[in-house]
Amino acid sequence: MIKHIVCFKLKDNSKESCEKSAEIFRSMEGKVPQLRSIQVGIDFLHSPRSYDIILETTFDSKEDLENYQKDPYHCDVVKKYIHSVQETSIAIDYEI
(Lines give C-alpha, C1' and ligand atoms only; values in the text may rest on other atoms or scores of the structure.)
Protein backbone atom coordinates (compact mmCIF):
# COMPACT_ATOMS: atom_id res chain seq x y z
CA MET A 1 0.00 0.00 0.00
CA ILE A 2 1.03 3.59 -0.62
CA LYS A 3 0.57 6.59 1.69
CA HIS A 4 0.44 10.04 0.06
CA ILE A 5 0.63 13.00 2.45
CA VAL A 6 0.49 16.65 1.42
CA CYS A 7 0.63 19.70 3.70
CA PHE A 8 -0.65 23.03 2.43
CA LYS A 9 -0.09 26.65 3.46
CA LEU A 10 -2.96 28.79 2.25
CA LYS A 11 -2.80 32.42 1.17
CA ASP A 12 -5.74 33.04 3.50
CA ASN A 13 -5.59 30.74 6.50
CA SER A 14 -8.79 31.96 8.11
CA LYS A 15 -11.05 29.34 9.63
CA GLU A 16 -13.53 29.71 6.77
CA SER A 17 -10.89 29.31 4.06
CA CYS A 18 -9.37 26.25 5.75
CA GLU A 19 -12.78 24.62 6.21
CA LYS A 20 -13.71 25.20 2.57
CA SER A 21 -10.43 23.68 1.39
CA ALA A 22 -10.88 20.70 3.71
CA GLU A 23 -14.37 20.10 2.30
CA ILE A 24 -13.02 20.20 -1.25
CA PHE A 25 -10.49 17.51 -0.31
CA ARG A 26 -13.10 15.38 1.46
CA SER A 27 -15.35 15.58 -1.61
CA MET A 28 -12.99 13.13 -3.36
CA GLU A 29 -14.33 10.27 -1.25
CA GLY A 30 -16.52 8.13 -3.47
CA LYS A 31 -15.58 10.12 -6.58
CA VAL A 32 -11.96 9.05 -7.09
CA PRO A 33 -11.88 5.26 -7.56
CA GLN A 34 -8.19 4.76 -6.70
CA LEU A 35 -8.59 6.32 -3.26
CA ARG A 36 -8.67 3.69 -0.46
CA SER A 37 -8.76 6.10 2.48
CA ILE A 38 -8.65 9.83 3.09
CA GLN A 39 -8.08 11.98 6.16
CA VAL A 40 -8.02 15.77 6.21
CA GLY A 41 -6.89 17.88 9.15
CA ILE A 42 -6.82 21.61 9.87
CA ASP A 43 -4.01 23.05 12.00
CA PHE A 44 -5.08 24.76 15.23
CA LEU A 45 -1.69 25.88 16.53
CA HIS A 46 -0.79 28.43 13.81
CA SER A 47 2.89 28.54 14.77
CA PRO A 48 5.36 30.09 12.31
CA ARG A 49 6.36 26.63 11.06
CA SER A 50 2.80 25.26 10.83
CA TYR A 51 1.05 24.34 7.62
CA ASP A 52 -2.70 24.95 7.47
CA ILE A 53 -4.11 21.69 6.11
CA ILE A 54 -2.92 18.11 5.83
CA LEU A 55 -4.25 15.63 3.30
CA GLU A 56 -3.50 11.96 3.97
CA THR A 57 -4.53 9.44 1.34
CA THR A 58 -3.92 5.72 0.87
CA PHE A 59 -3.69 3.75 -2.37
CA ASP A 60 -3.26 0.06 -3.18
CA SER A 61 -0.24 0.61 -5.45
CA LYS A 62 2.12 3.13 -7.00
CA GLU A 63 0.14 2.75 -10.22
CA ASP A 64 -3.05 3.77 -8.40
CA LEU A 65 -1.25 6.85 -7.04
CA GLU A 66 -0.12 7.74 -10.57
CA ASN A 67 -3.68 7.32 -11.88
CA TYR A 68 -5.02 9.44 -9.01
CA GLN A 69 -2.71 12.23 -10.15
CA LYS A 70 -4.49 12.15 -13.54
CA ASP A 71 -8.03 11.48 -12.27
CA PRO A 72 -10.51 13.98 -13.81
CA TYR A 73 -12.23 14.88 -10.52
CA HIS A 74 -8.93 15.24 -8.69
CA CYS A 75 -7.50 17.44 -11.47
CA ASP A 76 -10.53 19.46 -12.58
CA VAL A 77 -12.07 20.13 -9.18
CA VAL A 78 -9.60 19.59 -6.34
CA LYS A 79 -6.26 20.60 -7.87
CA LYS A 80 -7.81 23.51 -9.74
CA TYR A 81 -9.29 24.91 -6.52
CA ILE A 82 -6.35 24.29 -4.21
CA HIS A 83 -3.80 25.70 -6.65
CA SER A 84 -5.79 28.93 -6.65
CA VAL A 85 -5.72 29.27 -2.83
CA GLN A 86 -2.43 27.72 -1.76
CA GLU A 87 0.74 29.59 -1.01
CA THR A 88 2.91 26.46 -0.94
CA SER A 89 2.78 22.73 -0.29
CA ILE A 90 5.05 19.84 0.65
CA ALA A 91 4.48 16.13 0.07
CA ILE A 92 5.75 12.68 0.90
CA ASP A 93 4.86 9.35 -0.68
CA TYR A 94 5.90 6.07 0.91
CA GLU A 95 5.09 2.36 1.08
CA ILE A 96 3.30 1.01 4.12
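Values below: every heavy atom of this structure, side chains too, minus hydrogens, waters and symmetry copies. Computed from a prediction, not measured in an experiment: that's the story for all the values here.
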Cluster check [X], [Y]: I/L/V/M/F/W/Y, side chain < 4.5 angstrom:
X: Leu65; Y: Val6; result: yes
X: Ile5; Y: Met28; result: no
X: Phe8; Y: Val77; result: yes
X: Ile54; Y: Ile96; result: yes
X: Tyr51; Y: Ile24; result: no

Using side-chain heavy atoms (C-beta onward) and a distance below 4.5 Å, is [X] in contact with [Y]?
X: Ile38; Y: Val32; value: no
X: Met1; Y: Asp60; value: yes
X: Leu35; Y: Phe59; value: yes

Measure the [atom1]-[atom2] distance between [X] and [Y] for me, rounded to the nearest 0.5 Å.
X: Asp43; Y: Leu10; atom1: CG; atom2: CG; value: 10.5 Å
X: Ile82; Y: Lys20; atom1: CD1; atom2: NZ; value: 10.5 Å
X: Lys15; Y: Asn13; atom1: NZ; atom2: CG; value: 13.5 Å
X: His4; Y: Arg36; atom1: NE2; atom2: CZ; value: 15.5 Å
X: Lys11; Y: Ser84; atom1: NZ; atom2: OG; value: 6.5 Å
X: Ser50; Y: Phe44; atom1: OG; atom2: CZ; value: 9.0 Å

Of all the heavy-atom pairs spanning [X] and [Y], show the shortest one and how long it is.
X: Cys18; Y: Ile53; answer: O-CD1, 3.5 Å
X: Tyr81; Y: Ser21; answer: CE2-OG, 3.5 Å
X: His46; Y: Asp52; answer: ND1-OD1, 4.5 Å

- Message: Counting only heavy atoms from other residues, nucleotides and ligands, does the tally under 6.0 Å from CD of Glu87 exceed 12?
- Response: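 Atom CD in Glu87 is packed in, count exceeds 12.
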- Would you please say whether a donor-acceptor pair under 3.5 Å links the side chains of Ser17 and Ser14?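 Note: Ser17 and Ser14 side chains miss the donor-acceptor criterion.
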- Task: May I have all residue pairs that pass side chain to side chain donor-acceptor pair (under 3.5 Å) and include part of residues 63-75, sequence neighbours excluded?
- Result: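 Side chain to side chain donor-acceptor pair (under 3.5 Å) check on residues 63-75 returns Ser27-Tyr73, Tyr68-His74, Gln69-Lys79.
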- Message: Salt bridge or not between Arg26 and Glu23? Use side-chain N to carboxylate O under 4.0 Å.
- Response: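 Result for this pair is yes, salt bridge flagged.
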